[in-house]
Each structure stands twice: as C-alpha cells, then as structure tokens.
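The figures that follow rest on heavy atoms only: side chains count, while hydrogens, waters and symmetry mates do not.
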Amino acid sequence: MQGLYKLALVGTKQQLTDFLKKVNDNDPDSVFNEYAVEEGTGLRTTQGYGLQKFLDRYKLVIENTGSGNISGIEEMASEIGQIAPELEIMLLTQYLDYSDDYTWTIYYKPAGETEPSETEGILYKGSIGDILSVEEVLNYRSMGATNISLDIDREKLKEYLDSFIGYGLTFEEIEPFLDALADPERTDFSEFEDTFDMYSLQDTINDFLKDQVEDVPYAADGNGIPSIEYIASLFADCWGITFGILFRFHPETFDNRFAGKTFVITGEPDEYGKDGAKEIIENFGGVVRGAVSGKTDYLLVGAYAGEKKLEKAKELGVSIITTDDFEQMIS
C-alpha cells in the first residue's frame with residue numbers, strides 16, 4: 001500500500017536511548033539505526049530527526065518524505081509497544097488511494113501499555129466535511145434542496161482569481177453565477193452554460209475552496225486520543241503536514257515556581273504574546289519588569305526582540321530564554 005507515515009516515540013532520554021541501542025544491536029539494518037541519540041543534535045535524515053526535548057520528556061519522530069510502501073507500518077508500531085511498553089507511541093498514516101490530502105489515521109499507545117487505546121482515531125481538517133463541490137451543490141439544488149449553498153468569501157476569491165489573470169475566468173465573469181447561487185430559491189442554472197464553460201467554472205471555484213481548506217486547523221477524534229494541541233506539538237515541522245497555527249501549552253493550574261524571580265519580556269513570544277506571557281508569569285508568582293537590570297533573572301525573547309535588551313542581558317549574565325524554553329518552564 002502506498003502512502004505516508006509519521007511515527008513518534010515519547011519517553012525519557014534514557015528510555016529512548018535504551019530502546020535505540022536494543023533495536024540497533026539486534027538488527028543493524030533497522031530503520032532506527034540512522035538516528036542520533038544525543039540531545040540537541042537536530043540530525044535530519046531522509047526519515048526523521050534525532051532525539052528532541054518534548055515537554056518534560058523527549059521524542060523521536062521518523063517519517064517518510066514521499067509516497068512509499070507503508071504496508072506493515074502498524075505492525076511495526078505494535079511490535080515497538082511490545083518491546084518497549086514504557087514508551088508512548090503515536091503513528092499517523094495516510095493511504096493515498098483512500099484518503100484525501102488532509103485526513104490521517106491515528107494509532108496511539110499510551111506509555112505503560114502494550115496495546116493501542118484506539119487504532120482508528122482520525123486527524124482531519126476541522127471543517128472539511130462542511131465544504132461541498134460546485135457540482136454537488138448544483139445537483140442538490142436541482143432536486144429542490146434550496147437550503148444547500150456554498151460559503152464563499154468573495155474578497156478572497158477575487159484575490160485568488162486576480163493572481164491568475166490571463167489564465168482563466170475572472171471574478172467579474174464568475175460574480176453573476178455567485179449572485180444566482182446566493183438566491184435560496186434558485187434551482188435552475190442552465191443559463192450559465194451559454195455564458196461560459198461550466199466545467200471551467202466548477203474547476204475554478206473548487207480549486208479555490210480546496211486552497212482555503214489548507215488554512216483550516218486540524219481536529220482529532222478517537223477514544224483515548226490526546227488533544228489536537230498535543231498532536232500538533234508532537235509532529236511540529238514534519239514533512240507534508242501543516243497544522244495552520246502554532247499550538248503552545250497553556251497551564252490550567254498554577255503554583256509558586258516563579259516566586260522571587262524577575263522576568264523581562266522583549267518582542268512577542270509566539271502565540272502567548274507579551275501580555276499573555278506576563279499574565280502566566282505573574283500567576284506563577286513571578287514579577288515582570290520593563291527593563292533589564294542586575295536584578296533580572298530571565299529575559300524572555302520573542303519575535304522582533306529588542307537588541308539593546310539582549311545586549312544588556314548578555315552583559316549582566318542574565319539567563320536568556322526562548323518561547324520554547326518558556327513553554328518547558330511552565331509545563
């Protein structure tokens with residue numbers, strides 16, 4: 001079977017290192033024998049990375065970077081669960097003959113178990129099921145289903161079509177059809193067949209709708225499947241799958257871990273924002289100041305960070321942390 005896969009193993013650094021050593025000693029041709037086991041190597045092979053820090057543990061993610069034979073990949077994941085039950089395992093598969101570009105099957109095994117909690121979880125675009133093709137809508141309308149329509153953002157469609165001027169239909173040519181489609185009582189669209197090629201119209205609008213789906217966040221369903229935020233963090237930066245937005249850990253409960261600590265924030269920590277990061281720090285008992293000084297413990301650096309604050313922090317020996325570091329500290 002041709003398809004794509006992404007396999008994530010999660011555990012302590014020692015657990016993952018022991019697993020890799022065990023497998024590679026027993027099978028020198030193992031798919032795992034290419035992966036570095038040292039923290040921070042960031043080694044990218046044709047299939048994955050080395051060990052990476054992940055929340056309070058580590059992860060090893062391997063993947064194929066193009067369609068290939070993935071028959072037996074679920075059996076391999078199951079065998080890993082038998083060999084190393086202490087590891088958490090998540091496998092995403094997409095069989096190209098049976099799936100659309102955005103739907104993945106999830107195999108998930110929690111740490112400490114040998115069997116998956118749910119082999120048929122689904123990762124999918126959150127609103128893809130609500131999007132019909134033009135021909136489907138016209139067919140429903142012809143049968144009297146006047147409640148069926150297409151939700152099309154005309155401004156975005158115009159921008160989309162303007163980028164292809166000279167290569168197809170223009171927005172001005174399509175707009176009368178959109179007006180007719182917006183009429184809930186309209187069931188006959190045969191007049192447009194004399195105006196332009198209906199196949200071209202359908203293909204143009206369908207291509208636009210497919211393009212819009214790429215910006216829709218993923219969702220996940222399945223018994224015992226972790227949250228979409230967790231899955232997105234686990235498979236961040238993988239080939240061939242984009243989650244659309246960054247997911248960051250947001251604590252639901254707080255303690256005094258930052259009591260007596262002073263932070264300065266420069267730039268915009270992605271997803272948290274400066275105000276959001278400040279609120280989290282204060283909820284954990286820390287203090288946020290506007291300027292770096294000898295009393296500063298941490299400088300949190302986000303996008304568009306100020307050079308002067310960075311230089312001052314280095315001069316004073318202040319700990320400089322990234323958004324990833326901050327996420328680890330609050331997890």
Side-chain angles (χ1 to χ4, degrees), residues 2-4 6 65-67 92-105 122-221 228 231-232 235-247 270-271 303:
Q2 295 293 304
L4 303 171
K6 305 183 187 306
T65 54
S67 177
L92 304 183
T93 55
Q94 185 182 90
Y95 291 99
L96 300 186
D97 292 339
Y98 301 102
S99 301
D100 60 59
D101 292 342
Y102 307 105
T103 302
W104 300 76
T105 298
I122 295 293
L123 179 69
Y124 62 98
K125 287 289 188 176
S127 62
I128 194 167
D130 300 328
I131 299 176
L132 300 174
S133 66
V134 174
E135 46 267 50
E136 287 173 324
V137 172
L138 295 182
N139 185 48
Y140 280 122
R141 284 292 189 88
S142 68
M143 294 186 293
T146 55
N147 61 316
I148 301 296
S149 188
L150 281 176
D151 183 16
I152 297 178
D153 187 319
R154 297 198 185 195
E155 287 298 321
K156 288 185 177 180
L157 176 60
K158 186 176 188 308
E159 291 176 9
Y160 176 81
L161 294 174
D162 285 347
S163 64
F164 296 102
I165 288 178
Y167 297 94
L169 297 171
T170 66
F171 179 78
E172 287 70 23
E173 290 174 311
I174 291 178
E175 191 170 26
F177 174 77
L178 298 178
D179 291 337
L181 197 62
D183 180 357
E185 301 301 320
R186 187 73 176 260
T187 58
D188 183 4
F189 298 86
S190 58
E191 69 173 85
F192 295 100
E193 295 177 3
D194 299 327
T195 306
F196 43 65
D197 183 355
M198 282 295 288
Y199 291 108
S200 295
L201 180 143
Q202 291 172 5
D203 287 344
T204 298
I205 297 180
N206 289 340
D207 286 346
F208 165 74
L209 292 173
K210 183 177 180 181
D211 185 74
Q212 298 306 296
V213 171
E214 294 180 359
D215 295 328
V216 175
Y218 273 96
D221 283 334
I228 183 59
I231 296 172
F235 293 101
D237 300 322
C238 277
W239 182 89
I241 183 169
T242 303
F243 288 92
I245 58 174
L246 289 174
F247 288 104
D270 58 26
E271 190 165 301

Which distance, rounded to the nearest 0.5 Å, do you find between the [atom1] of [X] and the [atom2] of [Y]?
X	Y	atom1	atom2	answer
Q94	L123	CD	CG	9.5 Å
K156	L161	NZ	CG	14.0 Å
F192	E173	CZ	CD	12.5 Å
L157	T204	CG	OG1	9.0 Å
L181	L178	CG	CG	7.0 Å
I152	I174	CD1	CD1	8.5 Å

So T105 and I122, side chain to side chain contact (heavy atoms under 4.5 Å, CB included) or not? Walk me through it. CA-CA 5 Å; T105 298; I122 295 293; 4.2 Å; yes
Which pair of non-hydrogen atoms, one from R141 and one from D183, has the smallest distance, and what is that distance? NH1-O, 3.3 Å
Taking side-chain hydrogen bond (donor to acceptor under 3.5 Å, both in side chains) as the definition, give me every residue that meets it alongside [X], ordered by chain and number, with sequence neighbours left out.
X	answer
E135	N206
S200	D197
E191	R186

Taking salt bridge (charged side-chain N to carboxylate O under 4.0 Å, His left out) as the definition, give me every residue that meets it alongside E175, ordered by chain and number, with sequence neighbours left out.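 Salt bridge (charged side-chain N to carboxylate O under 4.0 Å, His left out) list for E175, sorted by chain: R154.
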Tell me every residue that passes salt bridge (charged side-chain N to carboxylate O under 4.0 Å, His left out) with D188, counting only those two or more places apart in sequence or in another chain. none
For F189, check ring-ring contact (aromatic ring centres under 6.0 Å, His included) against everything at least two apart and list the hits. F177
